[in-house]
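The sequence lines fix the lettering, A, B, ..., with proteins before strands; numbering per chain opens at 1. We use all heavy atoms of the structure for the numbers below, so side chains are in, but hydrogens, waters and symmetry mates are not.
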Number of protein chains: 2
Amino acid sequence: MTAPPHETRPTATGRALPDTQQGMRRRNLARVMHAVSAEGSLSRAAVASRIGLTRAAVSTLVDELIRWGLLEELGPERPSRVGRPGSALAVSGHGPAGIGAEVGVDHLAVCAVDLRGAVRARAVRHGANRGRNPGPVVEELTGLVRRVVADAEREGLWPAGLAVAVPGLVARDGHTVVHAPNLDWHGTDLGALLPTGLPLTVDNEANFGALAELWLGDATPRDFLHVSAEIGIGAAVVVDGQLLRGKRGFAGELGHVPVRPDGPRCACGGRGCLEQYAGEEAVLRAAGLESREDAVGLLARQAGADHEGVRRALHDAGTALGIALTGAVNLLDPESVVLGGALAGLAPWLLPALEAELADRTTGPACPVAVSRLGHEGPLLGAAHSVVRAVLDDPATVAERL
Amino acid sequence: MTAPPHETRPTATGRALPDTQQGMRRRNLARVMHAVSAEGSLSRAAVASRIGLTRAAVSTLVDELIRWGLLEELGPERPSRVGRPGSALAVSGHGPAGIGAEVGVDHLAVCAVDLRGAVRARAVRHGANRGRNPGPVVEELTGLVRRVVADAEREGLWPAGLAVAVPGLVARDGHTVVHAPNLDWHGTDLGALLPTGLPLTVDNEANFGALAELWLGDATPRDFLHVSAEIGIGAAVVVDGQLLRGKRGFAGELGHVPVRPDGPRCACGGRGCLEQYAGEEAVLRAAGLESREDAVGLLARQAGADHEGVRRALHDAGTALGIALTGAVNLLDPESVVLGGALAGLAPWLLPALEAELADRTTGPACPVAVSRLGHEGPLLGAAHSVVRAVLDDPATVAERL
DNA sequence: CTATTTCGTCATCGCGGTTTACAAATTAGT
DNA sequence: ACTAATTTGTAAACCGCGATGACGAAATAG
């Protein structure tokens, strides 16, 4: 052993990456990408003033990004002010694509999103996955991925990575499903089962839904709480534009926040968890309905048709949600709460009780509650966009793949 | 208007500071300071391998830091391995000092901490502050600050800033006390009242207590929940080594998390808040005791003397805390929960019920609950150290003051 | 048609970390 | 004791990257 090259002892105080000129360049490349991406189309000079570098510096950065196929020169802008018009730059529509996938309880979906954020290819397969072994399900998913990748390539895109949204807890390693009760998957390593050659990330659908809200929602703040529900109730905490994952990656388990400490026993071992009052099963039972597929759609239709029992059940669920969210809001002081997933469709009947509870139990102005307009597409889009964001956040990585 | 110099439009996507070479240097200076500070004493070569720069680069950084009086050369190390021994570097004990202050309900305290973390001067004044006007209280505090600053200067230190811990909510501006019920201060701007020439930061004592735990506690993780209580119950959420403050700076209001949604009315407007069960007043009432000064000490003594009513009251408080913390732990998945402030002294009687609730209501291994060993000193030390950390985090700022 | 403004680029510069080389200071081996 | 090997700290030359300043190009204003 002649030379321990780096002594990578991870200091307890956190990683201490060296701050080198290359890193600086990489970050500035990312800034250029983000600036152009945010405005859709921008001249070099405009980018320079946005990110605080000189025109000359931006020019060299842009040259490189164009060479890598991440930016495109659209040609001269229509002159608005005095002076020579700039040459419009836009994020490339023929470069890398993010492949997003979703394993739902009764469907599989895959889509490809380009750097501009446009969905360029998609594939869906309906059919219940609950209780099936992971093997065949993932095999079908792989087929869909291959089709979408082929379609994307036909449009001049190349896949930069694959992100999969699953309805369950995912380990912090980013590819193992620890526990997905609605699929009955436990400790399933998707990394081993998905033989696409693509870099893989797996995450909770609630997390991807929250990211979609952050990136695609109109005027979504950088600090918010995203609540969604399929069968369980999951929340995602976004702090300063970043997902809070927790030590084991289990953060956001809103469904098991105690609402009535002496309430009925829950599968988690506790009593009176939120899920006992606002979970799909609980609401159906309270409404006097049978459990079935598309239960959420049924609830919405019945509530819309003035079904008294359903309305009362949803009202009570809203109350329970309000109590749990009061705790969360007191703890986190977020800028807003966003209802997504199945909750978005039921919002009209949940919101009154929920907001009343929140207003009563909080001093000062209550935390605003918004409804996601992304609906059930959130997790899939969030997954695909997470790959795209990774490219925008560090464009230099794609250069290595040329 | 010849040239809009920077067009500082704060982009919705967050600040986009230009990544310039100067910024790089500043961050590397900070890395050197942190490396030396963490190990106590380190050679240039050791620093270089820790932070991933070359020895030559570190040499120039160290030269500068020594010139600014932030590092000291201690001379040759005792040789342990083969090869020329390094020259030990240490953080200076004669440079800038952080001045911390605490406004308690019945005391004022000020201390000075040097870059090494040692307390070098202190001053305390006992006497109830509850209900007194801010003016005279702050005037007394100013006197203590002046004394401590003078003492510190006599030891060759110079004050780099003042941080004040108060028992109440502080606005995100960092100097206005929005609401301190136990002092009866409301909307008090300490910036205007503290005429020291020093840069001022004001924050909640629970926040400073949590930071003290993070920086001074043994093996405290970077993701934890710090719970403290004086009269109210405050928590501080630390995520990735950073305080989570919330939109208005009100994050961590654990005291008003609903524990029994139909419980007694609370001053906050809600019902059955944690404070109704585990707040000082509530515990005293449940124990059949009168409210008085040093109520916590009284409770601890009585519980230690096997007073049955007190024990039961504390047990019930522990249960309520456990319920509220279950919610918080489910939401945040922290690495641990730390009991600080008054709770630390009462921990022996709170913990059993608290941990039982937490274990019962959580799947998998329960989140570990630790007791702070900093006790009532936490907020004061945290305040002083926050100034010290600011210097370590950006040593270049002190150069401007030479 | 000229003056002015703005854009993109080029050559030059300065700053900052790297590389290479070397002297100094220590241990290991004979 | 003397040599070889190893490690430290520093100095000189180098290279990458953004800043500066100048310039031609392309538009508007008068």
Counting just side-chain N and O atoms, does [X] come under 4.0 Å of either OP1 or OP2 of [N]?
{"X": "B:Ser59", "N": "D:dT10", "answer": "yes"}
{"X": "B:Arg25", "N": "C:dG17", "answer": "yes"}
{"X": "A:Asn28", "N": "D:dC17", "answer": "no"}
{"X": "A:Thr20", "N": "C:dG17", "answer": "no"}

Figure out the [atom1]/[atom2] separation between [X] and [N], and round it to whole Å.
{"X": "B:Leu53", "N": "C:dC15", "atom1": "CG", "atom2": "C1'", "value": "15 Å"}
{"X": "B:Leu61", "N": "C:dC15", "atom1": "CG", "atom2": "C1'", "value": "13 Å"}
{"X": "B:Met24", "N": "D:dC15", "atom1": "CE", "atom2": "C1'", "value": "12 Å"}
{"X": "B:Arg31", "N": "C:dG17", "atom1": "CZ", "atom2": "C1'", "value": "13 Å"}
{"X": "B:Gln22", "N": "C:dG16", "atom1": "CD", "atom2": "C1'", "value": "11 Å"}
{"X": "B:Glu64", "N": "C:dC15", "atom1": "CD", "atom2": "C1'", "value": "12 Å"}
{"X": "B:Asp19", "N": "D:dG16", "atom1": "CG", "atom2": "P", "value": "19 Å"}
{"X": "B:Arg78", "N": "C:dA25", "atom1": "CZ", "atom2": "P", "value": "19 Å"}

Side chain [X], main chain [Y], donor-acceptor under 3.5 Å:
{"X": "B:Thr54", "Y": "B:Ala57", "value": "yes"}
{"X": "B:Arg116", "Y": "B:Val91", "value": "yes"}
{"X": "A:Arg222", "Y": "A:Glu335", "value": "no"}

May I ask you to verify whether the side chain of [X] and the base of [N] hold a donor-acceptor pair under 3.5 Å?
{"X": "B:Arg84", "N": "C:dT26", "value": "no"}
{"X": "A:Gln21", "N": "D:dC17", "value": "no"}
{"X": "A:Arg55", "N": "C:dG8", "value": "yes"}

Judged by nearest nucleotide, the residue sitting upstream toward the 5' end of DNA chain D, B:Ala56 or A:Pro85, is B:Ala56
Between A:Asp114 and A:His94, is there a side-chain donor-acceptor contact under 3.5 Å, judged purely by atom types and distance?
no
Using heavy-atom distances to pick each residue's nearest nucleotide on DNA chain C, tell me which of A:Arg44 and B:Ser80 is more 5'.
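The residue closer to the strand's 5' end, by nearest nucleotide, is A:Arg44.
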With respect to the side chain of A:Ala45, which nucleotide from C:dT27, C:dC7, D:dC17 is positioned closest?
C:dC7
Run A:Arg25 and A:Asn28 through side-chain hydrogen bond (donor to acceptor under 3.5 Å, both in side chains) and show every step you take.
CA-CA 5 Å; A:Arg25 180 117 186 129; A:Asn28 281 333; over 6 Å; no
